[in-house]
Amino acid sequence: MNESVKQERFQIIPPPYRIKVVELLSKEQMDIADNRQKREEAIKKAGYNTFLLKEDQVYIDLLTDSGTNAMSDNQWAGMMLGDEAYAGSKNFYNLEKAVREIYGYKYLVPTHQGRAAEHIMSQILIKPGDSVPNNMYFTTRRVHQELAGATWVDVSIDEAHDPQSWHPFKGNVDLEKLEALIQEVGPEKIPYMSLEANVNMAGGQPFSMENLTALRALCSKHEIPIMLDGTRLVENAYFIQRRETGHEKKSVRQIAREICSYTDGVTVSGKKDALVNIGGFLACNDKKLFVEARAMVVVFEGLHTYGGLAGRDMEAMARGIYEMVQDRHVAARVNQVEYLGHLLLQARVPVVVPIGGHAVFLDARRFLPHIPQERYPSQALSAALYLESGIRGMERGMVSSGRDPATGEERKPRLELVRLAIPRRGYTHTDMDFVAQAIIRLYRMRKRISGLKMVYETERLRFFQARFRPAGGRLTG
Ligand SMILES: *Cc1c(COP(=O)(O)O)cnc(C)c1O
């Protein structure tokens, strides 16, 4: 099965839209594209952290696919139909209908974005001293589990941590690791299984339906609910359609719905799959959880029929949810990511395989083998990419991993990656060609890139604001 993914031939799938409106780049951005001196000043000022660059200083922005989606004409038309009533907005009911039809959960609590839903869910379900198993981690999900007093436990399969493994379902849960945890702490200490679709930190990698149904059986046996992180649900569904026997003839919409049917609830950042710029929600089938979440959303977000969103934002998300499950949309979206990955693989640049659903991940350990992990190779690579080309990616390695809350020691993840996330419907294949050329050039001069020292960090989610200095005086000597 592994080989079959490796041997797939790349074929282009054009997107199912035409471009009617474009966003012009500013004069500053064009200057940045042409002027290395300006980029050098900018990255130095930003403490070699691409999160601290201003958008005007970025030429091609692959920092994230979060909230950077281009909305459709249909979504923009929906924005004009925002019902801004404080209570009972029409758009809330449209969103509720979309969530019921596409995801299939009974109850909806809207939130301003994904982490707000994670906060509410964690506070309600977790008691101090609990353990929460996860298939790897997502930064905000783990932080909210830990803030609620839980210990995060990784139950992902070993292949997920190996950037060179062609395993087609690196998002799978290792059921033996999960069983061992259940034996060790007891099921009553596990408030839920936290399951992420198309695992971001593993490189945008899916779980299989087979693994999910086995997980369901195991969790049901011990009465442990499965709470899905459905932020990238449709990209996971698309990979199942393409790679898993017995699912080839189903639509992405059917598969997505089937995934949700094996879970008890979901938190979603609408800023990814759902094709909006802001928005999120929590949805579930358990009335008790819903009632508690509804009571809590009023404290932290806003009334339960808007949860921190304008009516127009809820309408755009409702419409985005129907668009996101269209087969041709998902296929073309993932295909564009694979196109960039394909160009880099052909040039033998080390990237995580299989190419993920939302991003291409450069493997900084192999790209910069001369930089030890204590010198933050992924951070150095993301800074060097910007310096040499004006392209912005993001560190996904030791800086993102942060410190262990119990010991204060830095976590040392096996994966040291630079993520190049592709915004949905925002860039063309010409942009991807340009990005590939820039990375191939950087790869040729890789020996000249030096490591970084951290000079400032925050206690939580430090990757957003940390600052660095080149360990050898200059970033690229
Ligand atoms: C982005 C993201 C979140 C958090 O959502 P926000 O809208 O950024 O708060 C949670 N989980 C996953 C998998 C994500 O990609």
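Sequential numbering from 1 along the given sequence is applied to the chain's residues. Both ligands and their constituent atoms are indexed starting at 1 by order of listing.
Close contacts between ligand 1 and Q113 involve ligand atoms 6 (P), 7 (O), 8 (O), 9 (O) [criterion: under 4.0 Å to a heavy atom]. Of all atoms in ligand 1, numbered sequentially from 1 with element shown, those under 4.0 Å from a heavy atom of E118 are 10 (C), 11 (N). Set against the non-hydrogen atoms of K271, the atoms of ligand 1 under 4.0 Å away are 7 (O). Atoms of ligand 1 lying under 4.0 Å from at least one heavy atom of E196, given by number and element, are 13 (C).
For atom 7 (O) of ligand 1, the closest non-hydrogen atom of the protein is S269 OG, 2.6 Å. Scanning the protein for heavy atoms near atom 4 (C) of ligand 1, the closest one is T140 OG1, 3.4 Å. Looking only at protein heavy atoms, the nearest one to atom 8 (O) of ligand 1 is R115 NH2, 3.0 Å. Scanning the protein for heavy atoms near atom 3 (C) of ligand 1, the closest one is F138 CE2, 3.3 Å. Annotation: atom 2 (C) of ligand 1 to nearest protein heavy atom, K272 NZ, 2.5 Å.
Counting all heavy atoms, side chain and backbone alike, V352 lies closest to G203 at CG1-CA, 4.5 Å.
Backbone and side-chain nitrogen or oxygen atoms of S66 are examined, and none is located within less than 3.5 angstrom of a nitrogen or oxygen of ligand 1. Checking only distances, A116 never comes within under 3.5 Å of ligand 1, N or O to N or O. Residue D229 has at least one N or O atom closer than 3.5 Å to an N or O atom of ligand 1.
Of the candidates K271, R333, K272, R425, R333 is the only one forming a salt bridge (Lys or Arg N to Asp or Glu O under 4.0 Å) with D65. Each of K170, K177, R414 was evaluated against D158; a single residue qualifies, K177, per the salt bridge (Lys or Arg N to Asp or Glu O under 4.0 Å) test.
Considering only heavy atoms from C-beta on, Q123 stays 4.5 Å or farther from H144 through its side chain.
Aromatic pair Y107/F290: ring centres closer than 6.0 Å. The ring of Y48 has its center no closer than 6.0 angstrom to the ring center of Y386.
Both tests hold for R396 against F463: distance to the six-membered ring centre under 6.0 Å, angle to the ring axis within 45°. The cationic atom of R216 (NZ for Lys, CZ for Arg) does not lie both less than 6.0 Å from the six-membered ring centre of Y262 and within 45° of the ring axis.
Of the possible donor and acceptor atoms, none in the side chain of E459 sits under 3.5 Å from a partner among the backbone N and O of R462.
Not a single heavy atom of R141 sits less than 4.0 Å from an atom of ligand 1.
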